[in-house]
Structure formats: C-alpha cells, structure tokens
There are 2 protein chains.
Amino acid sequence: MTQARALRSASFFTFKVADFLRSVTIKDIALAAGVSIKTVSRVLNREPYVRDTIRERVWQLVEQFEYQPHPAARSLGGRRTYSIGLILEVPETYSYVKRLIDGVFDVCETRRYSLLLRPGHEALKAAEVKKYVRQTRVDGVILPAPIGDSEEVTRTLTEMEVPFAQLSPRNIRADWMSARPNDEAACRELLHEIYALGHRRVGFIKGLRGHGSTVRRLQGYWDSVNELGFDIDPNLVVDGAFDFESGHAGAMALLNLQEPPTVIVASNDDMAHGAIVAARERNLSVPNDLSVVGFDDSPVAKQTFPSLTTMRQPIYEMAQALTNMLLDKLHGLDIQEKVREYSCELIRRDSLKALA
Amino acid sequence: MTQARALRSASFFTFKVADFLRSVTIKDIALAAGVSIKTVSRVLNREPYVRDTIRERVWQLVEQFEYQPHPAARSLGGRRTYSIGLILEVPETYSYVKRLIDGVFDVCETRRYSLLLRPGHEALKAAEVKKYVRQTRVDGVILPAPIGDSEEVTRTLTEMEVPFAQLSPRNIRADWMSARPNDEAACRELLHEIYALGHRRVGFIKGLRGHGSTVRRLQGYWDSVNELGFDIDPNLVVDGAFDFESGHAGAMALLNLQEPPTVIVASNDDMAHGAIVAARERNLSVPNDLSVVGFDDSPVAKQTFPSLTTMRQPIYEMAQALTNMLLDKLHGLDIQEKVREYSCELIRRDSLKALA
DNA sequence: ACGATTTATGACAACGTTGTCAACCCGTGT
DNA sequence: ACACGGGTTGACAACGTTGTCATAAATCGT
C-alpha cells in the first residue's frame with residue numbers, strides 16, 4: 001500500500017526535467033493518476049475490478065501523455081509477444097515488391113533483426129508513421145520511394161531520432177542514407193542505343209510527378225537530346241503516372257502529334273505496356289512502325305507483344321545495401337558512402353528496332 | 001561468484017523433467033557451461049574478454065540446445081528492439097498482395113499487434129519456418145496458399161503449438177482456421193453465364209498443380225459441364241501454372257484442337273492474359289472469334305485488350321477475417337465457424353460475348 | 001619482486017510490463 | 001456487533017536479457 005499512498009499525496013503531477021528524454025512508462029501514468037501500476041495495467045487491458053472513475057482518469061492521462069506500453073515489456077511479463085507472422089510468398093509476377101522485400105529480409109535474417117511491416121498508402125500521414133514507430137519501437141526504418149520523399153515524414157523521424165534509409169529518394173542529401181539506380185546515366189545509355197539505331201525523334205512519357213526517378217530519367221532524356229542531337233520539341237515529352245492507363249494516354253497524345261516520334265521511351269514498364277496497346281489500337285506495328293522501351297524490367301516486360309526492351313534496376317541489391325547501412329548505423333558504425341548509386345542494365349528484347 | 005561456483009560443481013548437466021516444456025534460456029546454457037549468464041551473453045554478442053575455450057564450449061551448447069535468445073528480453077535489457085520497420089507502399093498494380101497485406105495489417109493495428117513479415121519461396125522448408133517462429137516467437141502465423149498446403153509446415157507449427165490460419169488451403173479441415181473463395185460455386189456461376197450466352201464448347205486452363213483453388217475451380221467446371229450439358233471432352237482441359245506463359249501455352253494447345261472451344265476459362269487473370277495474346281497471335285479476334293474469362297480481377301484484367309471479364313475474390317475481407325480469427329484464438333476465445341467461404345463477384349468487361 | 005595494466009569473470013541492478021496473491025473495503029444477513 | 005463474500009486495490013515476484021561495476025587473474029615493465 002505504501003506506493004499508492006505516497007503517490008496519492010504526491011498527486012498534481014509535475015514533469016521532472018531529468019525525465020525529458022525518457023519515454024512515458026506505466027509508472028508515470030500510475031503516479032499521475034495516484035494509483036498503482038497494476039491498476040493502470042488493468043485499465044489498459046480492459047480487465048474488471050477497477051472503479052469507473054479511476055478507469056476514466058487513467059484513460060485520460062494515457063491520451064494526454066500519449067502513453068504507449070512497451071511491447072517488449074508486455075511480451076516478457078505477459079509470456080506472449082503480441083505479434084503474428086505473415087509468411088508471404090509473393091508470386092514472381094509481383095517482382096518489384098518481391099525483390100525489395102527479399103533484399104531487406106535477407107539482411108535482417110542474417111543479422112538477427114525482425115522485420116515489421118507497415119503498409120503505406122498514397123498519403124501516409126506523418127502522424128501515422130509516428131504512431132507506428134512509437135507503438136512498435138522499431139530501431140530504424142526503411143523508406144522506399146515515394147514515402148521517403150515526404151518532408152513531413154522524414155522530419156518526424158529525425159525529431160524522434162529514429163534512423164531511416166531511403167530507396168530512390170527525390171532529393172539526395174549527403175547526410176542521409178540512400179540507394180538509387182543511376183537513372184540519369186541509364187536513360188542516357190538507352191538513348192545512345194536508340195541513336196545508334198537511327199532514331200532521331202524520341203517521345204518521352206514521364207513518371208509520377210515528384211518521384212525521384214521521374215526527375216532523373218527526364219533529366220537524362222534532355223541531356224541526351226542536347227548531346228546527341230535528337231529533335232528538340234517540348235511536345236515530345238508528356239506526363240505519366242507510372243501506371244498502364246497513363247502510359248496509354250501519353251502514347252496516344254504522342255501519336256496524335258503532327259509529326260509523331262519513331263520511338264517512345266516510357267519511364268517504366270507499365271506505361272510502356274500502355275504505349276504498346278495504344279500503338280496497336282492505332283494499327284501501328286511495334287517495333288516496325290514504332291519502337292517502345294521501358295524501365296524496370298518488371299514481369300510485364302516479358303508479357304507484352306512484342307516483349308519489351310527495358311532498363312533493369314538492381315532492386316534486390318539496393319534493398320540489401322540499404323538495410324546493411326541502416327543496421328550498421330544502429331550499431332554505431334561509421335557509414336562511409338551514405339549515398340549510393342547502382343547501375344541499371346539494358347535488357348534487349350523485341351520492342352526496339354533500327355529505324356527502317 | 002557464488003553462482004558460477006555452484007554451477008561449476010554441478011557440471012555434467014542433466015535435464016529436469018519439470019522444465020520439459022519451458023524453452024531454453026540463457027541460464028540453461030550458463031548452467032551447462034559452468035559459467036555465468038553474463039559470460040554467455042558476451043559470447044552470443046561477440047563481445048571481447050572471454051577465453052577461447054569457453055567461447056567454443058558455449059557455442060557448442062547453444063547449438064546443441066538450439067538456444068534462441070528471447071527477443072523481448074533482449075529489447076528490454078538492451079534498450080533497443082532489434083527490429084526495423086519497412087514502410088511499404090505496394091503500387092496498385094500489385095493488388096493481390098496489397099489487398100492481402102492490408103487486410104492482415106489493418107486488423108493487427110486495430111488490435112495492437114505487430115506484423116512480422118517472412119517472405120516465402122516456392123519450397124519453404126519446415127525447418128526455416130521453425131527457426132523463424134523460434135527466433136521471433138510470434139504468437140501465431142498467417143499462411144496464404146500455397147505455403148499452408150505444406151503438410152510439413154503445418155505439422156511443425158502444430159507440434160510447436162503455434163496457432164495458424166490458412167488462406168485458400170487445398171484440404172479443408174474443420175478443426176483448422178481457414179478462409180477461401182467459393183471457387184466451385186463461382187466457377188459454376190461463370191459457366192452459367194457462358195451457357196446463357198450460347199456457348200457449348202468451353203476450354204479450361206487449370207491453375208498450379210496442387211493449389212486448392214485449382215482443384216475447386218476445376219471441380220466447378222466439371223459440375224457445370226455435366227449439369228448444363230456442355231461438350232464433354234477431356235482435351236478441352238489443359239494444364240496451367242497461374243502465370244502468363246502457361247496461359248499462353250495452354251490456350252495455344254486448345255486452339256490447336258480439331259474442334260477448338262468458343263470460349264476459354266482460365267483459372268486466373270494472368271493466364272487469361274496469356275490466352276488473349278495467344279488468340280491475337282492466331283489472328284483470332286477476342287471476343288468475336290473467341291471469348292476469354294479469368295479469375296481474381298487482378299490489375300491486369302483492366303489492361304488487356306479487350307479488358308477481361310473475371311470473377312473477383314474478396315481478398316481483403318478474407319485476410320481480415322483470418323487475422324481476426326487467429327487473434328481471437330490467441331485470446332482463448334472459442335471460434336465459431338473456423339472454416340469460412342467467401343463469395344466471388346462476376347466482373348463483366350469486354351472479353352466475353354454471346355456466341356454469334 | 002612488485003606495482004600497473006590489461007584481460008577475464010560474475011554479482012547485481014535495470015528494463016517495463018503482467019501474474020499472483022494477500023488484504024482492504026463495504027454492504028448484507030444474522 | 002460480527003462473520004461473510006464479492007468488488008477493488010496494491011505489493012511483489014517474475015519474465016530473460018543487457019548494462020554497470022567490482023574484482024580476480026594474467027601479463028607487463030622495471
């Protein structure tokens with residue numbers, strides 16, 4: 001009883017300056033509420049035998065302090081982990097995600113870390129990320145594009161002092177860990193190949209607005225146009241969103257030009273697929289009347305007719321490197337080369353052909 | 001020093017019967033090795049200041065006992081979780097996986113559980129699953145097909161007393177938790193529609209051998225053939241593997257028949273896509289000369305030309321239900337309806353048309 | 001031979017919860 | 001007044017590691 005009595009008289013909780021950085025624990029709530037930690041535990045776990053007035057007071061303090069029970073302590077005390085496993089076999093078809101997950105997981109397994117999955121969506125709020133990190137207490141986070149491009153998210157993680165590593169970020173910062181393909185150079189390489197095959201009028205379908213690879217691939221396009229002497233025409237560059245539909249629409253726009261291109265470079269394979277379908281609808285034969293190339297070497301590249309010539313990204317290797325960097329950082333090691341760039345590889349298939 | 005001395009004299013470790021079910025802890029290793037737990041900890045974490053002879057002895061015992069440090073205890077003691085987060089935005093394109101992950105995660109988040117991802121591959125060994133579960137100590141596991149069909153895996157989990165729930169298992173067991181689409185009925189519904197449109201000769205491309213949905217969809221096909229009076233011809237049923245290539249090959253085989261079918265039912269959308277491409281290569285117009293239908297309503301269904309008529313599975317709902325069942329079970333609740341079946345929905349697009 | 005390092009080791013506290021159990025409170029029936 | 005009993009509460013142990021620190025043992029320099 002001593003604890004509770006002492007606490008009750010203490011009441012009117014005050015923050016101790018020394019506790020500034022320590023995270024809130026069940027003791028803090030108990031102290032503030034003037035009850036024992038066990039009672040707080042009962043409230044949190046919705047167990048019976050707590051007066052309603054106390055229940056309410058505790059919940060209120062929990063919200064006020066944004067208290068999150070420590071999962072490891074719950075596990076240890078409660079003899080269960082409050083976690084479940086998802087053994088997921090991603091079919092080969094879904095390989096961008098597969099290669100990414102595999103790369104991250106393989107390193108985690110080797111280095112005896114667990115991998116906590118958090119699905120993202122278009123506009124994942126920083127508040128959700130914060131809640132996720134506070135709840136799970138992960139030591140670090142991997143941020144594939146485009147989530148890593150949210151200034152709000154990276155700021156939140158920085159404030160929480162949770163290290164993160166980005167895959168294909170838009171803005172490269174020398175002091176942040178990241179890995180990305182050599183989009184610009186890869187695009188130039190692709191355009192050299194196209195030039196060598198005699199094409200001079202090249203259409204370009206951009207990726208999702210704001211995505212790092214979008215910007216860099218476009219830059220590679222313009223560089224090549226200037227360097228090699230392709231036709232310079234702003235109408236040859238159209239918007240896209242990395243999906244089939246936008247590729248289809250973009251290709252239609254390009255084919256409707258007074259002087260249409262002889263080859264279309266799409267910023268990824270899904271859009272290239274859309275372009276191929278668009279060409280077919282216009283009764284153009286690919287690659288005889290129009291060549292089409294993509295980026296990624298995603299599974300769809302082998303399924304189009306004709307099959308797609310494309311630049312492959314080494315996703316698996318990037319994911320591994322990123323995870324290793326993050327774990328090194330967590331172990332206090334000094335990371336040399338925080339920013340890493342990986343070469344793409346040109347995969348030659350049937351959709352690109354010399355100009356007749 | 002007392003601890004170590006007592007232990008040293010104990011030596012020649014013996015198992016206590018009472019400890020039979022308790023998992024091995026660092027204390028057991030220390031006792032067996034005749035050293036303190038701190039020394040074992042040093043060895044495990046590759047810290048300096050341990051004699052090589054002791055190091056070796058400890059590692060040997062660790063292997064012998066298959067000792068795995070408790071992650072929660074490590075977290076709590078070490079002030080870090082040894083886990084990292086992967087905030088993954090699965091593009092809409094990859095939606096089977098996306099819907100599955102989202103369903104599982106959403107329930108986990110609501111019920112304050114963490115989700116530990118373990119990528120699977122074609123033949124995930126039971127030994128790997130065992131290691132994964134022992135390492136992470138997850139309370140339960142979700143097993144999407146086809147991993148849940150491995151007798152070796154389910155037996156291992158049963159032996160470890162780790163509850164699991166299966167998505168689309170091949171063999172339905174009344175005492176195991178599972179969710180699956182109503183493949184058989186869905187297939188019959190599809191064939192009724194086909195019948196109503198005047199078709200009498202229906203080709204069928206099977207799914208991956210051994211997969212539960214493969215078996216049940218095929219069963220639905222034969223049921224309908226008998227019930228409605230379609231042409232009965234074993235040659236109209238060909239093998240497939242749920243991927244584009246096998247769909248393409250299967251369709252080619254069907255179209256090469258003396259009397260080819262007027263409609264092809266593929267056991268999923270990727271194969272239906274392959275069938276459409278095959279038809280085009282044979283200069284057949286879909287759906288005028290040949291109708292094609294699929295299963296899943298995967299993203300590719302909107303990207304084929306013509307777009308695919310297909311049966312949509314409620315993956316998200318099934319994943320949610322499965323996770324809820326599993327968590328209920330973990331909380332000792334009685335699960336009514338362990339085996340659940342979900343209705344599919346016919347999505348009418350352009351690839352199925354009345355027989356001319 | 002002897003103090004000064006360096007190596008090696010263990011005792012013990014700490015981490016933040018939950019589980020167990022004793023005990024208090026308060027209304028009820030006698 | 002008093003035993004009884006269920007609702008309510010808190011003290012304390014337990015969970016299995018790692019961190020801290022004291023100290024013993026081995027090695028080194030003189």
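The basis for the numbers below is simple: all heavy atoms, side chains too, and nothing from hydrogens, waters or symmetry mates. So that the names make sense, note that chain A is the first sequence line, chain B the second, and so on, each numbered from 1.
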Q: Quick check: closest heavy atoms across B/Val339 and B/Arg173, and the distance to 0.1 Å?
A: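 What the structure gives for the nearest pair is CG2-O, 3.5 Å.
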Q: Under the salt bridge (charged side-chain N to carboxylate O under 4.0 Å, His left out) rule, what pairs show up with a residue in residues 132-149 of chain A, not counting sequence neighbours?
A: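 Residue pairs passing salt bridge (charged side-chain N to carboxylate O under 4.0 Å, His left out), neighbours aside: none found.
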Q: Measuring to OP1 and OP2 of C/dT9, would you say a side-chain N or O of B/Ser36 lies under 4.0 angstrom away?
A: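 The answer is no; no side-chain N or O of B/Ser36 sits under 4.0 Å from OP1 or OP2.
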Q: In whole angstrom, give the distance that lies between atom CG of A/Leu44 and atom P of C/dG16.
A: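 The distance from CG of A/Leu44 to P of C/dG16 comes to 15 Å, rounded to the nearest Å.
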Q: Between B/Thr323 and B/Ala319 (side chain of the first, backbone of the second, donor and acceptor by atom type, cut-off under 3.5 Å), is there such a pair?
A: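 Yes; at least one donor-acceptor contact below 3.5 Å.
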Q: Measure the distance from NZ on A/Lys38 to P on C/dG16 and round it to the nearest whole Å.
A: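 Atom-to-atom, A/Lys38 to C/dG16, this comes out as 18 Å.
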Q: Using heavy atoms and a sub-4.0 Å distance, could you list which residues of residues 69-76 of chain A are near DNA chain C? By number, please.
A: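 By residue number: A/Pro69, A/His70, A/Ala73, A/Arg74, A/Leu76.
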Q: Within the 3.5 Å criterion, strictly below it, is a donor on A/Gln68 or B/Arg112 matched to an acceptor on the partner's side chain?
A: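 Looking only at side-chain atoms, B/Arg112 and A/Gln68 do form a donor-acceptor pair, the distance falling under 3.5 Å.
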Q: Restricting to non-hydrogen atoms, name the atom on A/Ile335 and the atom on A/Met325 that form the minimum distance, rounded to 0.1 Å.
A: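 Scanning both residues completely, I find the closest heavy atoms to be CD1-O, 3.4 Å.
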Q: The side chain of A/Ile26 lies closest to which of these nucleotides: D/dT9, C/dG19, C/dT17?
A: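 Nucleotide nearest to A/Ile26's side chain: C/dT17.
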Q: Tell me whether the OP1 or OP2 atom of D/dT9 has a side-chain N or O from A/Tyr49 closer than 4.0 Å.
A: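 For D/dT9, neither OP1 nor OP2 has a side-chain N or O of A/Tyr49 closer than 4.0 Å.
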Q: Looking only at side-chain N and O atoms, does A/Glu128 offer a donor or acceptor that is under 3.5 Å from a partner on A/Tyr132?
A: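 The answer is no; no qualifying pair exists.
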Q: Heavy atoms from C-beta onward define the side chain here; which of D/dT18, D/dT8, C/dG10 lies closest to that of B/Arg42?
A: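 From the listed options, C/dG10 comes nearest.
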